[in-house]
Amino acid sequence: MKATLTVDKAYRLGSIDERIYGSFIEHLGRAVYTGIFEPEHDTADEQGFRKDIMALIRRLNIPLIRYPGGNFVSGYRWTDGIGPKENRPVRLDYAWKCTEPNQFGIDEFADWCKKAGTDGMIAVNLGTGTPQGAADLVEYCNHPSGTYWSDLRIANGHREPHNFKTWCLGNEMDGPWQTCAKTAEEYGRIANEAAKMMKWVDPSIEVVACGSSSMEMPTFPEWDRKVLELSYDNVDFLSMHRYYGFRGNVNDFLASYVDLDRFLQAGIAAADYVKAYKRSNKTIKISLDEWNTWYNTYDVNPQQIWTVAPPIHEQIYNVMDALTVGGLLCTILNHADRVKMGCIAQLVNCLAICMTEPNKGAFAQTTYYPFMHASLYGRGEALRSVMDAPKIATKHGDVDAIASAVTLDEENGILTVFAMNMGDTDAEFTVNTHDFGKLVAKEHIVLDGELTACNTFEQPENVLPHEGKLPIVEGEKATVILGKYSWNVLRFAV
Ligand code: AHR
């Protein structure tokens, strides 16, 4: 097959907010305990943080990590996780039917973030929690000193504020599975009041209101409209979540990038409806703060209910997942004008791009690589591009056989094309650029292989990206072969 992508230097979509390359660590299964925190591990530092997984995470250059949930946060008392560890209570976690020992809390997370070279995006509890509890947490984390909560942080060993700048107003509050789920009216009111109070404490923060937890919710997209109508002036982002399952049809799954495009368009439309209704000049940004593929996983094993950190949702990802994730990253980049935050869910062990074994090693899943490529190279500006490719019939309709996105890093003079060939044949792919001058092909990175191939503890490097043939460049045109079922990163000096 043949395909052409046309790119014009003048057609800018918007600057890429680096926070689209965020991730997520929830108190869920083994994400925290035996994931990032395992004091008995050979590589643990003086705070019990595993250095092996830290090294894998640092390679990703992740700007933001959402914490501590997820469903977990809706029953979480953040005060349980501060102060001397021997005094911290052990609690039941209703969300995942586990026991939470509270040996890792907000202060440990702040320290861990510093070591990992990232920043926290903190979710407050608006399930069982209150706006006052949320404002207190902002005060504990961000207020310099001289008040009850800020002085308590100092007494707990943190003279400098944590200064978390991004805050989620609860999690998936429309979902019946959520501890203290709410109607749109109930949630919109409490989110608005919490946002006001949190911003009184620290006016520099940005806050994210829960949108619909998926497109399948019967209340979608009315929930989004109602919540924003009640909170528009005080919130900055609308949260959206989307996971994709493989249900036996490869084309349907690989074409998830088209579904995500529709979902994002719907969220943007709901936000802009409220903008028009309010006659507002303010534009709500989108925080896609949970996205990934998710299937073939299990909740807590009934034998392990109410235990500490049992394995839950430990999906092993294969090449097909990596391709799907690559397609989803293209869609996120193609909405860079409105999607200003995103979190691949999650980072360690649960639905994760990296895995650890208690007392043993860590490895990067197949999905780690497209995420890393986008995070490292997809910076700067997103460009609008036009794809001319054969179509593939899927449950999402007839879709382009190649998903793509284009970014321009003007500072370093690099044009990057991300392309996922979901076809079962190789593609002769031409990038036809305008106004860039002569292109110089620098690099072609490929991830491909048997669709079911994956990395495991036994074979951690079974699937790795490799160098592909460089494109043949003629002036402003470059032609290259994209192998069947492959993820490709083409980098040009411009
Ligand atoms: O990421 C796993 C779970 O998925 C999160 O806790 C929840 O927000 C979503 O339903």
Side-chain angles (χ1 to χ4, degrees), residues 22-33 35-36 62 64-76 78 92-98 100 109 121-129 166-182 187 191 208-220 223-224 227 237-245 256 260 263 267 286-300 309-317 321 325 328 341-355 365 367 371:
S23 190
F24 181 24
I25 294 178
E26 176 168 6
H27 282 249
L28 158 54
R30 299 192 311 104
V32 173
Y33 304 107
I36 57 172
I62 297 182
L64 192 77
I65 297 183
R66 187 164 175 251
Y67 173 87
N71 297 338
F72 170 79
V73 79
S74 297
Y76 179 52
W78 66 267
L92 295 183
D93 161 21
Y94 303 151
W96 301 109
K97 312 291 175 287
C98 305
E100 172 54 53
F109 180 66
M121 174 196 207
I122 309 302
V124 298
N125 175 357
L126 291 186
T128 60
T166 320
W167 294 76
C168 299
L169 300 165
N171 177 70
E172 295 188 350
M173 295 310 303
D174 59 336
W177 58 87
Q178 206 67 219
T179 306
C180 278
K182 302 204 165 15
Y187 172 70
V208 185
C210 294
S212 296
S213 53
S214 86
M215 205 142 91
E216 286 68 37
M217 294 304 289
T219 44
F220 170 82
W223 166 279
D224 307 67
V227 165
F237 284 85
L238 179 70
S239 159
M240 300 181 74
H241 292 176
R242 198 83 180 126
Y243 294 97
Y244 292 96
S256 301
L260 182 63
F263 181 51
I286 301 296
S287 174
L288 182 64
D289 43 44
E290 287 187 33
W291 68 271
N292 204 346
T293 73
W294 180 357
Y295 55 101
N296 284 349
T297 68
Y298 45 87
D299 279 314
V300 66
I312 303 178
H313 297 312
E314 297 201 0
Q315 179 159 344
I316 296 299
Y317 288 108
D321 294 302
V325 161
L328 298 173
M341 289 199 291
C343 302
I344 189 164
Q346 300 193 5
L347 187 55
V348 181
N349 290 338
C350 304
L351 308 170
I353 51 182
C354 317
M355 300 295 291
Q365 299 238 43
T367 48
F371 182 77

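Counting starts at 1 for both ligands and their atoms, in listed order.
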Is a side-chain N or O of Glu26 found less than 3.5 angstrom from the main chain of Phe72, in a donor-acceptor match? yes
Taking atom 4 (O) of ligand 1 as the reference point, the nearest protein heavy atom with its distance: Glu290 OE1, 3.2 Å
Of the side chain and backbone of Tyr243, name the one, both, or neither that has a heavy atom under 4.0 Å from an atom of ligand 1. side chain
Backbone, side chain, both or neither: what part of Asn71 comes under 4.0 angstrom of ligand 1, heavy atoms only? both
Hey, do the aromatic rings of Trp294 and His313 have their centres closer than 6.0 Å? yes
If you count the atoms of ligand 1 from 1 in the order shown, which ones are under 4.0 Å from a heavy atom of Gly70? 5 (C), 6 (O), 8 (O)
Min heavy-atom dist Trp291 to ligand 1 below 4.0 Å: no
For ligand 1, which atoms sit closer than 4.0 Å to a heavy atom of Glu172? 7 (C), 8 (O), 9 (C), 10 (O)
To which of Gln178, His27, Glu26, His313 does the heavy atom nearest atom 5 (C) of ligand 1 belong? Glu26
State, yes or no, whether a side-chain contact exists between Leu347 and Phe371 at a heavy-atom distance under 4.5 Å. no
Backbone N or O of Pro68 within a donor-acceptor pair of the Tyr76 side chain at under 3.5 Å? no
For Gln346, take its heavy atoms, then give the atoms of ligand 1 lying under 4.0 Å from any of them. 1 (O), 2 (C)
Can a donor-acceptor pair be found, under 3.5 Å and without considering hydrogens, that links the side chain of Asn292 to the backbone of Ala345? yes
Considering distance alone, does some N or O of Trp294 sit under 3.5 Å from an N or O of ligand 1? no
Does a side chain donor of either Ser239 or Asp289 reach within less than 3.5 Å of an acceptor in the other side chain? yes
Is any side-chain heavy atom of Tyr94 closer than 4.5 Å to one of Thr128? no
Polar contacts were defined as any N/O atom of the residue lying under 3.5 Å from an N/O atom of the ligand; does this apply to Asn171 and ligand 1? yes
